[in-house]
Amino acid sequence: MELDMKKDVKNIITAALNELEVPVSFDLKSVVFSVDYTKTREHGDVATNVALKLSKLLSRSPQVIASSLLGVLRENSLFEKVEIKGPGFINFFLSADYYHGVLVELSKNNNVIMPNIGDGKKILLEYVSANPTGPLHVGHGRGAAYGSVLASLYIALGYDVVSEYYLNDAGRQMDILAFSVWFRYVELCGVGVAYPDKCYQGAYIIDIAKDLYAEHVDALYAPYAKNMPSMDFALNDSIEDEDQRLDAGIATCKDIASVEIYNLISRHTVNAIRGGIVSDLAAFRVEYDNWFSEKSLYSDGVIDKVFNSLLLKECLYVKDGAYWFAATNWGDEKDRVFKRSSGDYTYFAADLAYHWQKFQHGYNRIIDVFGADHHGYAPRLRAGLKALGLDTNDFEILLLQFANLFRSGQKVSMSTRSGEFVTLSQLYNEVGVDATRYFYSTCKPQQHMDFDLDVAKKKSMDNPVFYVQYAYARICGIFSKYEDSGFSWNQIVGLENLDLLSTEHEQKIMLLLAKYEEVVVASADSYSPHLLTGYLQELASCFHSYYNSVTFISNETNMCGARLLLLSIVSKVIRSGLSLLSVEYPEKM
RNA sequence: GCGCUUGUAGCUCAACUGGAUAGAGCAUCGGCCUUCUAAGCCGAGGGUUGCAGGUUCAAGUCCUGCCAAGCGCACCA
């Protein structure tokens, strides 16, 4: 069964609208109105604005319209009370039977069973996809947490989800990376060098070079050592432009050391960094189904295929010796180079080919999670896909704003090239995986967020994950205490005494439990995991208040049974929510 | 200069996508452990939702114009 209180009420209202006297030409089905949860219990459990929306259309006052609906609505046994309040809202108080039905439903299984909305529809979800030029840093962590939670949500709702990481293992950055490692390696072989500014500065480059040295000693240097007494060529002052100087250095390196050795170093480097990324993500509870190599797009001829296809469709033109894609014809603001005058494809070409390839596998929805720094890239990608004749309606590009890291009130830089960054693994090793994941998830994706390391490390209530986990642990504690007292927990007594649940806390908890499935669905539909964290905090808060207001374990068998049943469901829902976030739910804290 | 995102309590963030009295946590102040976990509870203070207009029964939310922050505007990736 799908628990959706708002939908239930909305259906009843829609049926009730037939009671209104309206002109024949008037189409009641076209009326847009909402059913919302109220902010205070005074306004009932849910309220609708239908009378307000109809007011102008029927030129009748909202009060009059609401009054004419009231009779039918009150007849429905779902409601204990229906009232008109304020400017014309209709407020609904749901009956105890409704809530008891929710509890019965949720008590049926050991875990919360989500409605099967996806029904096996296939989703391809790509996220993080950071360049393999260094370890993941704190900026990537947000994408990792966000994407992996989205994946969990969709899986829980019955979708067939494939998670994918696009590995940019081709192009100039890879050359610079290999060159950097080669430099450090030669350094280990005893050649004094001045390390180029434009090379990757991080200490991890030295570590990779050390691995190489441990494996090969100086075998990757000795063959050409006598031809190259100094590394100064790479700092050749006669070339003014830094990038040109770097490219000249790389070319010289390939020339002197041989392409074979260069490729060996390059392969080793990418493997080492990818391995680090994989294990960092795994420890952060992020797993992928696919690691898609950009290089494979070249070797498999996918880019050539897309190039030819665009050529055939006359979407490309030649200017200054390069092939340009006429992106402006498809909604982008500029035309884009597809194939350089040098004959090399651009990054865009590879990425378009990558996405074209995604569309060949029959996914019902294709989702990309982009960092906000790539937002300008979305229009050209869409343009390219449209030009290729693909339907982009089910292609979603989600933008995730940056997370700024603060330490001691100072913003911490996050440039991979400079080597000055806090890695994701450092972060979760300091703060904890649970707290890090949860903290990322509390913020809506388009919000620029500040992540204060000092605050997070305190493991205080600044990070509400403990608050939610504590609620769970407390409930577990109650049950173990109950068992220790010689009782044996059985939900039948509770199910027979649901009428005894009547306090304000109990009422509010039942309402929250009834909302849970809707919250999960809304989190997935609107790509907003923060709705789930917000919900869990509210539920935990309500439980903690409840906990302080009554004693659960008592000799009043019936009351005790009813309350423990309620708690068992609360803990079931918290466990479900935390596991969707891939956050642990310890039974003791 | 143009585009995207954001601006809400001292700080970090919500506000169910236009609803009724804008909510949490942290920080500050005052209470609550002889009883199931005090990582908790109860209470207090704290707001012209960046500014100015507009749209309507109703605006933090929508439209316009300013102001401020982040990001983007390559034959880089």
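Here is how names work: the chains are called A, B, and so on, in the same order as the sequence lines, proteins then strands, and each is numbered from 1. Heavy atoms only: backbone and side chains are in, while hydrogens, waters and symmetry mates are out.
Because its glycosidic torsion is within 90° of 0, B:rC33 is reported here as syn. B:rU17 takes the syn form, because its glycosidic angle lies no more than 90° either side of 0.
Atom CG of A:Asn555 is separated from atom C1' of B:rC36 by 13 Å (rounded to the nearest Å). For A:Asp452 and B:rC26, the CG to P distance is 16 Å, given to the nearest whole Å. Distance NZ (A:Lys53) to P (B:rG18): 9 Å, rounded to an integer number of Å. Look at CZ on A:Phe348: it is 13 Å from P on B:rC75, rounded to the nearest Å. Rounded to whole angstrom, the span from the CZ atom of A:Arg41 across to the P atom of B:rU21 amounts to 20 Å. Atom P of nucleotide B:rA38 and atom CD1 of A:Ile478 are separated by 10 Å, given to the nearest angstrom. The distance from atom CD of A:Gln63 to atom P of B:rA20 is 17 Å, rounded to the nearest whole Å. Rounded to whole Å, atom P of B:rU6 lies 16 Å from atom CG of A:Asn404.
Taking only side-chain nitrogens and oxygens, A:Lys411 never comes nearer than 4.0 Å to OP1 or OP2 of B:rG70. In terms of phosphate contacts, A:Tyr438 brings no side-chain nitrogen or oxygen within less than 4.0 Å of OP1 or OP2 of B:rG25. Under 4.0 angstrom from either OP1 or OP2 of B:rC42 there lies at least one side-chain N or O belonging to A:Ser545. Not one side-chain nitrogen or oxygen of A:Gln446 sits closer than 4.0 Å to the OP1 or OP2 atom of B:rG70.
Between A:Lys358 and A:Glu126 a salt bridge is recorded (basic side-chain N to carboxylate O distance below 4.0 Å).
Base engagement by A:Tyr377 is indicated by at least one non-hydrogen atom pair under 4.0 Å involving a base atom. Nucleic acid contact class of A:Lys334 (heavy atoms, under 4.0 Å, all strands): sugar-phosphate only. Within the nucleic acid shown, A:Asp332 has no heavy atom closer than 4.0 Å to any nucleic acid atom. A:Glu518 comes within 4.0 angstrom of no nucleic acid atom, judged by non-hydrogen atoms across all strands. Residue-level contact check: A:Tyr547 touches the bases, meaning some heavy atom is under 4.0 Å from a base atom. Here A:Tyr470 lies in heavy-atom contact (under 4.0 Å) with a base. Nucleic acid contact for A:Ala471: none, since no nucleic acid atom lies under 4.0 Å from a heavy atom of the residue. Counting any heavy atom pair closer than 4.0 Å across all strands shown, A:Ser526 reaches a base atom. The residue A:Ala322 sits close to a base: some heavy atom pair falls under 4.0 Å. Among the atoms of the strands shown, base atoms are found under 4.0 Å from some heavy atom of A:Val550.
The list of side chain to side chain donor-acceptor pair (under 3.5 Å) pairs with a residue in residues 471-480 of chain A, not counting sequence neighbours, reads A:Tyr470-A:Arg474, A:Tyr472-A:Arg575, A:Arg474-A:His544. Residue pairs satisfying the salt bridge (Lys or Arg N to Asp or Glu O under 4.0 Å) criterion with at least one member in residues 434-444 of chain A, sequence neighbours excluded, are listed as follows: A:Arg285-A:Asp434. Residue pairs that meet the side chain to side chain donor-acceptor pair (under 3.5 Å) test with at least one member in residues 327-339 of chain A, sequence neighbours left out, are A:Tyr317-A:Asp335, A:Thr328-A:Asp335, A:Asp332-A:Arg336.
At a cut-off of 3.5 angstrom, counting only N and O atoms as typed in the model, there is a donor on one side and an acceptor on the other between the side-chain of A:Asn49 and the base of B:rG19. For a distance-only test at 3.5 Å, the side chain of A:Ser341 qualifies as a donor-acceptor partner of the base of B:rC75.
For A:Leu52, whose side chain is taken as the heavy atoms from C-beta onward, the closest listed nucleotide among B:rC16, B:rC13, B:rG19 is B:rG19. Closest approach to the A:Phe552 side chain among B:rC36, B:rC4, B:rU17 is made by B:rC36 (side chain taken as heavy atoms from C-beta onward). Taking every side-chain heavy atom of A:Leu399 into account, B:rC4 is the closest of B:rC41, B:rC4, B:rA14. Here the side chain of A:His530 is nearest to one of B:rC16, B:rA14, B:rA38, namely B:rA14. Closest contact between the side chain of A:His448 and the listed nucleotides B:rU6, B:rC16, B:rC42 involves B:rU6. Considering only side-chain atoms of A:Cys443, the nucleotide from B:rG40, B:rG72, B:rA14 that sits closest is B:rA14. Nearest nucleotide to the side chain of A:His374, out of B:rG40, B:rG19, B:rA77: B:rA77. Checking B:rA20, B:rG70, B:rG40 against every side-chain atom of A:Lys85, the shortest atom distance belongs to B:rA20. Between B:rC41, B:rA39, B:rU37, one nucleotide has an atom nearer to the side chain of A:Phe466 than all others, and that is B:rA39. Candidate nucleotides B:rC41, B:rA77, B:rC13 were compared by shortest atom distance to the side chain of A:Glu294, and B:rA77 ranks first.
Toward the 5' end of RNA chain B, the nearer of the two residues A:Lys444 and A:Thr551, judged by each one's closest nucleotide, is A:Lys444. If you find the closest nucleotide of RNA chain B to A:Val35 and to A:Val337, the one lying nearer the 5' end belongs to A:Val35.
For the pair A:Gln469/A:Tyr438, no side-chain contact is recorded, criterion being any heavy-atom separation below 4.5 Å from C-beta on.
With both ends at atom P, the span from B:rA39 to B:rU35 equals 14 Å, rounded to whole Å. Between the P atoms of B:rU17 and B:rU55, the separation comes to 25 Å (whole Å).
Aromatic pair A:Tyr127/A:Tyr165: centroids not less than 6.0 angstrom apart. Aromatic ring centres of A:Phe487 and A:Tyr482: separated by under 6.0 Å.
Annotation: ring-ring contact (aromatic ring centres under 6.0 Å, His included) contacts of A:Phe93 (sequence neighbours excluded): none. With sequence neighbours excluded, the residues satisfying ring-ring contact (aromatic ring centres under 6.0 Å, His included) with A:Tyr440 are A:Phe451.
The aromatic ring of A:Phe89 sits over the base of B:rA20, with ring centres less than 5.5 Å apart and planes tilted by under 30°. Taking a centre distance below 5.5 Å and an interplanar angle below 30 degrees as the stacking criterion, A:His43 stacks against the six-membered base ring of B:rA20.
Base pairing in RNA chain B yields stems of at least 3 consecutive Watson-Crick or G-U pairs, both distances under 3.5 Å, namely B:1-7 with B:67-73, B:10-13 with B:23-26, B:28-32 with B:40-44, B:50-54 with B:62-66.
Note on ring orientation: taking the six-membered ring where Trp is involved, the planes of A:Phe479 and A:Trp489 are perpendicular (angle over 60°, cut-offs 30° and 60°).
For the pair A:Lys515 and A:Tyr535, the cation-pi test (distance below 6.0 Å, angle within 45°) is failed.
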